[in-house]
Student: 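After the structure tokens below, expect a handful of questions from me.
So you know, we letter chains A, B, ... as the sequences are listed, proteins then strands, and number each from 1. Quantities reported herein were computed from a predicted structural model and do not represent experimental measurements.
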2 protein chains.
Amino acid sequence: MSTYNGRMERADAARNRARILEAAAALFAERPPQDVTMDDIAKKAGVGRGTLYRRYPDRASIAVALLDEHERELQERLLRGEPPLGPGAPPADRLAAFYAAMVRLLEDHAHLVLGTEVGRSRFETGAYGFWRAHVRALLVAAGTPDPDALVEVLLAPLAPEVYGHQRTRLGLTPDRIIEALTRLTVLLRPGSS
Amino acid sequence: MSTYNGRMERADAARNRARILEAAAALFAERPPQDVTMDDIAKKAGVGRGTLYRRYPDRASIAVALLDEHERELQERLLRGEPPLGPGAPPADRLAAFYAAMVRLLEDHAHLVLGTEVGRSRFETGAYGFWRAHVRALLVAAGTPDPDALVEVLLAPLAPEVYGHQRTRLGLTPDRIIEALTRLTVLLRPGSS
DNA sequence: AGCTATGTGGACGCTGTGTCCACTTCACTA
DNA sequence: TAGTGAAGTGGACACAGCGTCCACATAGCT
């Protein structure tokens with residue numbers, strides 16, 4: 001029962017939306033997104049091309065929708081979960097926990113977004129805004145100067161392409177990546193101005 | 001007189017290569033790369049499609065070639081220039097200087113690469129390897145643990161998409177970006193293990 | 001049951017890609 | 001300076017994927 005453009009979505013439309021997402025997930029799992037055509041998705045979902053385009057103007061937006069589903073759960077934990085991920089712990093520790101959680105998320109779902117031209121649009125997704133707001137708040141809590149500029153620096157290493165590169169080309173393990181990211185938390189420790 | 005595949009490049013081929021690069025530079029300057037077709041470039045260069053494809057299999061490789069030209073000069077200064085960019089200064093200062101220089105480079109030329117699907121292939125360019133080797137050497141000189149993992153973290157904020165996002169969407173100034181990047185240099189300062 | 005806004009699907013035209021190959025030009029040799 | 005083969009050229013071609021469009025179907029209200 002989700003809403004579309006402020007008005008209730010028709011039942012058949014909702015059913016199709018679900019089928020599309022399901023089909024896309026299956027296809028993206030078996031081969032890189034850039035090799036999956038809109039037509040493939042439409043066929044697999046048992047839906048016409050026009051129906052597909054009605055909601056998702058391109059592959060990237062489907063990938064993003066899929067990713068959003070998984071991201072939402074982490075967002076919930078950041079807001080209301082246990083420390084150090086949720087509220088209560090010192091900012092530096094919360095950032096470390098956030099990094100660890102994001103790496104897990106990337107490990108599972110980065111492939112969804114890897115081949116797509118999300119490069120630029122990535123920053124426009126709701127999820128990115130959420131991560132930025134979260135980390136920015138941590139910076140503010142830590143009293144760090146110019147949080148707006150620093151946030152981007154702290155978020156950049158979480159770009160899916162960067163993660164994919166580290167894992168695939170360089171053969172780094174998730175743990176080593178987390179370790180490296182965690183070192184950034186010194187910037188939020190008291191007395192590092 | 002450059003060489004191609006180990007064998008001397010024929011004079012007409014060299015001339016065409018230059019014309020292609022020149023035409024591409026002009027076109028990329030007037031509109032985003034993804035709106036420039038291979039055909040546009042071939043036409044403007046006064047060259048057939050086949051000739052174009054002979055050396056540059058896609059738009060991205062042209063953009064990269066163009067970018068390489070500008071990057072080479074900075075590479076030279078890193079190797080043999082005056083401190084703090086060149087050898088002689090403490091690693092943290094050299095990293096700060098490197099960041100400032102890269103921001104200047106991005107400011108001038110990021111547009112070349114912004115619309116292209118260089119996202120993934122970016123890591124495979126010679127230039128990226130160079131930056132990585134440079135920063136890695138600085139990390140080693142500073143005695144930082146696991147330099148291989150940390151390098152990627154330090155380089156990630158220099159991704160053209162990230163830079164474009166900061167400048168365009170967020171309206172940050174180059175100076176503010178440099179400032180934020182410079183804070184990362186604490187990781188190379190003595191006694192931050 | 002009738003009505004209308006909403007949703008559907010596939011045929012269609014188009015744009016850009018990359019390949020292919022007959023032809024041209026170069027640079028070397030005698 | 002003419003001959004020769006290798007290297008380079010260019011545009012015609014076939015094709016794939018995109019996004020649109022619109023006649024038709026269906027849901028959900030009255």
Student: Test of understanding: with salt bridge (charged side-chain N to carboxylate O under 4.0 Å, His left out), list the residues that count as partners of E73(B), not counting sequence neighbours.
Tutor: R77(B)
Student: Nearest whole angstrom, please: distance from the P of dG10(D) to the CG of L52(B).
Tutor: 11 Å
Student: Which whole-number value in Å describes the distance from K44(A) NZ to dG9(C) P?
Tutor: 17 Å
Student: Under 3.5 Å, side chain of T125(B) to main-chain N/O of R122(B), donor-acceptor pair present?
Tutor: yes
Student: To the nearest 0.5 Å, what is the distance between CG on L112(A) and CG on L106(A)?
Tutor: 11.0 Å
Student: So which protein N/O to nucleotides 24-26 of chain C N/O distances come out below 3.5 Å?
Tutor:
unit_1: dT25(C); atom_1: O2; unit_2: R10(B); atom_2: NH1; d: 3.3
unit_1: dT25(C); atom_1: O2; unit_2: R10(B); atom_2: NH2; d: 3.1
unit_1: dC26(C); atom_1: O4'; unit_2: R10(B); atom_2: NH2; d: 3.4

Student: For residues 82-94 of chain B, which side-chain N or O atoms pair as donor and acceptor with protein atoms under 3.5 Å away, sequence neighbours left out?
Tutor:
unit_1: D93(B); atom_1: OD1; unit_2: R189(B); atom_2: NH2; d: 2.8
unit_1: R94(B); atom_1: NE; unit_2: L85(B); atom_2: O; d: 3.3
unit_1: R94(B); atom_1: NE; unit_2: G86(B); atom_2: O; d: 2.8
unit_1: R94(B); atom_1: NH2; unit_2: L78(B); atom_2: O; d: 3.0
unit_1: R94(B); atom_1: NH2; unit_2: L85(B); atom_2: O; d: 3.1

Student: Taking atom P of dT9(D) as reference, at what distance in whole Å does atom NZ of K43(B) sit?
Tutor: 18 Å
Student: How close or far is atom P of dT9(D) from atom CZ of R19(B), stated in whole angstroms?
Tutor: 10 Å
Student: Can you name the side-chain contact (heavy atoms from CB on, under 4.5 Å) partners of N16(B), sequence neighbours left out?
Tutor: R19(B), V47(B), T51(B)
Student: Taking OH from Y56(B) and P from dG10(D), how many angstroms apart are they, rounded to a whole number?
Tutor: 15 Å
Student: Check every atom of dT9(D), dG10(D), dG9(C) against the side chain of R55(B) and return the nucleotide holding the closest atom.
Tutor: dT9(D)
Student: Would you name the heavy atoms of L181(A) and P157(A) that are closest together and state the gap between them?
Tutor: CD2-CB, 3.6 Å
Student: Checking the side chain of T144(B) only, and the main-chain atoms of V140(B) only, is there a donor and an acceptor separated by less than 3.5 Å?
Tutor: no
Student: Hey, does the side chain of R59(A) reach the backbone of D35(A) with a donor-acceptor pair shorter than 3.5 angstrom?
Tutor: no
Student: Please report, rounded to the nearest Å, how far the P atom of dG19(D) is from the CZ atom of R54(A).
Tutor: 17 Å
Student: Output a table of nitrogen or oxygen pairs between the protein and nucleotides 15-22 of chain C separated by less than 3.5 Å.
Tutor:
unit_1: dT17(C); atom_1: OP1; unit_2: R59(B); atom_2: NH1; d: 2.6
unit_1: dG18(C); atom_1: OP2; unit_2: Y53(B); atom_2: OH; d: 3.3
unit_1: dG18(C); atom_1: N7; unit_2: R49(B); atom_2: NE; d: 3.2
unit_1: dG18(C); atom_1: N7; unit_2: R49(B); atom_2: NH2; d: 3.0
unit_1: dG18(C); atom_1: O6; unit_2: R49(B); atom_2: NE; d: 2.9

Student: With sequence neighbours excluded, what pairs up with F28(B) under the ring-ring contact (aromatic ring centres under 6.0 Å, His included) test?
Tutor: none
Student: Is the shortest side-chain N/O distance from N16(A) to OP1 or OP2 of dG7(C) below 4.0 Å?
Tutor: no
